[in-house]
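Beneath this line is the structure, given in structure tokens, with notes to follow.
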Amino acid sequence: MKTYTCIRSCRGNRSTLWFFILFCWILLGTAGPVMVHAGELEQRTLLLRPPVSAPAIDDQTLVQMSVTSPQKRHYLSRKDFGRIYGIDAADLQLIKTFANDNQLTMQRVDLASRLITLSGTKESLDTLDSLPKEVAKRVAHIFSEEKEPTNHAQATPQPPQIPSFRVQSYTPPQLAQLYDFPEELDGKGQTIAIIAFDMGFQRNVLKAYFSALGKPLPEIVTVPVGGFTPPQRSDFEVTMDIEVAGSMAPGAKIVVYLADNSPRGWYEAMATAIHDPIHRPDILSVSFAFYEDEERKEVMHLHNRLFSEAALLGVTVTAAAGDLGSGAGAPDCLAHAYFPASSPYVLAVGGTTLISTTKPLGRYAEVAWDARAFGGLVTGGGVSQYFQLPQWQQVAHVPYSANPAWPGSVYVKKDATWTRAGRGFPDVAAHADNFFSGILIAVEEKKGKALMVEEGGGTSAAAPLWAALIARLNQGVGNRLGYLNPLLYRLQLIERQDLFNDITIGNNGAYNAGPGWDPLSGLGTPKGKALLKALRKLQ
């Protein structure tokens with residue numbers, strides 16, 4: 001930025017500029033070592049392991065906490081988490097010494113998330129490839145600056161550019177009514193974090209949209225992560241997420257974490273949101289996903305650890321289950337799970353098609369979302385190849401994966417044969433159809449008025465819908481629900497409470513919908529007031 005400004009200011013006197021360049025060239029040529037320009041520096045981010053003294057995050061303890069009364073839960077504060085699980089002084093000094101010895105600069109140190117960003121020349125950063133033993137055993141992962149846009153895809157691609165037959169369209173508040181959100185609650189006192197990559201939004205579009213809905217513009221905060229500069233445009237995905245969450249929980253604060261679309265950007269954005277000591281999100285909504293495969297196995301397990309930290313802090317993570325069916329868009333014709341939806345610590349959200357009566361507005365029919373016959377999209381869902389079937393999900397009778405077992409996946413033994421069984425997803429669902437019954441959103445405005453479009457949808461609209469419902473439920477019970485997957489399965493499948501609309505029709509390729517839990521709609525779509533009543537009754 002400074003260089004650009006300097007060059008422009010010299011354009012009126014070209015002779016002065018050329019004289020200055022010639023002078024610098026002569027000086028550099030005779031002054032010994034060549035100076036390194038700021039633009040030639042690169043960065044790498046280190047994720048450190050928890051301190052040796054830190055206790056393990058015990059899954060069974062998290063499960064036991066999640067099924068107790070929300071009013072009686074005591075989560076670890078972010079301050080205490082940093083003290084127990086953050087970078088300890090000895091490890092930090094170890095990294096400082098290594099950096100100094102190798103001409104590296106510590107650009108960023110986040111004690112709670114254990115992230116350290118180092119900058120230097122390519123040659124100096126290459127020393128990270130052969131760390132001394134004492135340093136290496138403290139480093140869990142090293143993120144490079146390389147981007148991998150083909151390896152990461154938002155859960156909802158841009159709306160299909162084909163004619164569609166729409167029965168009707170909904171505003172998000174109408175969906176809240178159809179799913180029986182408790183009207184007396186608006187999410188006040190809650191903070192919803194939204195993650196987006198390589199995207200930006202415009203406040204004038206949001207202002208016009210909320211004005212068209214007759215609702216006040218919620219408090220919206222932007223947090224750029226890792227030096228990312230948000231583009232000055234209104235991108236479809238992040239704008240939709242804000243509009244859905246903000247209009248369905250208008251009393252909540254919305255904090256948008258924007259990062260570049262790279263492995264480092266993904267991890268830093270989510271870690272920053274989960275451990276943010278300033279905004280302290282209660283719910284994290286993720287509308288982006290990539291499909292599981294062996295190459296990403298290490299990164300998936302790093303994120304899974306991060307989501308277990310969210311559970312310890314009482315943060316609920318909702319994630320889109322994907323919009324490309326059981327194959328997740330992979331080229332190998334096998335079934336693939338979407339991540340982060342396949343993490344057992346994440347509330348995975350599938351998609352449905354909801355048709356309602358209009359006078360008065362009421363539910364009529366709901367099926368698993370599938371518009372493939374018309375060139376449209378279809379809900380994701382299936383069985384993870386890399387995360388084991390959680391104990392709390394055994395009651396759901398998750399089917400074996402449609403794929404044969406392979407090295408690197410998890411195996412179980414049945415009748416002397418090794419058969420594949422893992423974490424089933426999604427856990428829940430909501431309206432996601434953007435073909436037969438789209439969601440009214442706005443991505444641009446004209447003369448202060450929102451230009452509504454009907455193509456909003458996908459499981460990336462269903463995830464912030466659930467985030468908004470959880471904000472209202474948190475407000476209603478007076479505490480954060482946090483990691484609530486085990487509780488939802490217990491209430492619906494063991495205690496047989498009527499908390500969800502059971503979706504029994506549809507398929508997404510390898511899997512079928514059916515009574516109870518299924519790999520398309522999970523437990524079903526929400527009955528908001530019934531959920532609130534059940535949570536308040538817990539002792």
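When a residue number appears, it is its place in the shown sequence, counting from 1. Computed from a predicted model, the values in this text were never measured in an experiment.
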Working for side chain to side chain donor-acceptor pair (under 3.5 Å), residues Gln71 and Asn479: CA-CA 6 Å; Gln71 294 91 336; Asn479 197 5; over 6 Å; no
Indicate whether the side chain of Tyr386 and that of Asn304 have a donor and an acceptor atom separated by less than 3.5 Å. no
Among Arg108, Gln107, Gln43, side-chain hydrogen bond (donor to acceptor under 3.5 Å, both in side chains) partner for Ser119: Gln107
So, Asp260 and Ser262: side-chain donor and acceptor under 3.5 Å apart, yes or no? yes
Within a 6.0 Å radius of atom CD on Gln232, are there more than 12 heavy atoms belonging to other residues, nucleotides or ligands? no
Please check if atom NZ in Lys207 has more than 12 non-hydrogen atoms from other residues, nucleotides or ligands closer than 6.0 Å. no
Under a 3.5 Å cutoff, is there a donor and acceptor pairing between the side chains of Asp241 and Ser287? yes
Under a 4.0 Å threshold between the charged nitrogen and the carboxylate oxygen, would Asp186 count as salt-bridged to Arg472? no
Exactly one of Tyr267, Phe288, Phe290 should register a ring pair (Phe, Tyr, Trp, His ring centres under 6.0 Å) with Phe197. Which one does? Phe288
Is it true that Arg203 and Glu445 have a side-chain N and a carboxylate O under 4.0 angstrom from each other? no
Are Arg280 and Asp282 within salt-bridge range, i.e. N to O under 4.0 Å? no
Kindly compute the distance separating CG (Leu488) from CD (Gln393), expressed to the nearest 0.5 Å. 11.5 Å
Is it the case that Tyr257 and Asp276 place a side-chain donor and acceptor less than 3.5 Å from each other? yes
Evaluate side chain to side chain contact (heavy atoms under 4.5 Å, CB included) for Val225 paired with Phe228, printing each intermediate quantity in order. CA-CA 6 Å; Val225 178; Phe228 178 72; 5.7 Å; no
Over-ring placement of Arg296 relative to Tyr291, 6.0 Å and 45° cut-offs: yes
Asp180 with Lys529: basic N within carboxylate O range, under 4.0 Å: yes
Just checking, is any N or O donor in the side chain of Thr45 or Thr117 under 3.5 Å from an acceptor N or O on the other one? yes
What I want to check is whether the side chains of Trp517 and Asp427 have a donor and an acceptor closer together than 3.5 Å. no
With side chain to side chain contact (heavy atoms under 4.5 Å, CB included) as the criterion, how do Ser437 and Thr353 come out once you've worked through the C-alpha distance, each side chain's angles and the decisive distance to 0.1 Å? CA-CA 7 Å; Ser437 52; Thr353 296; 4.0 Å; yes
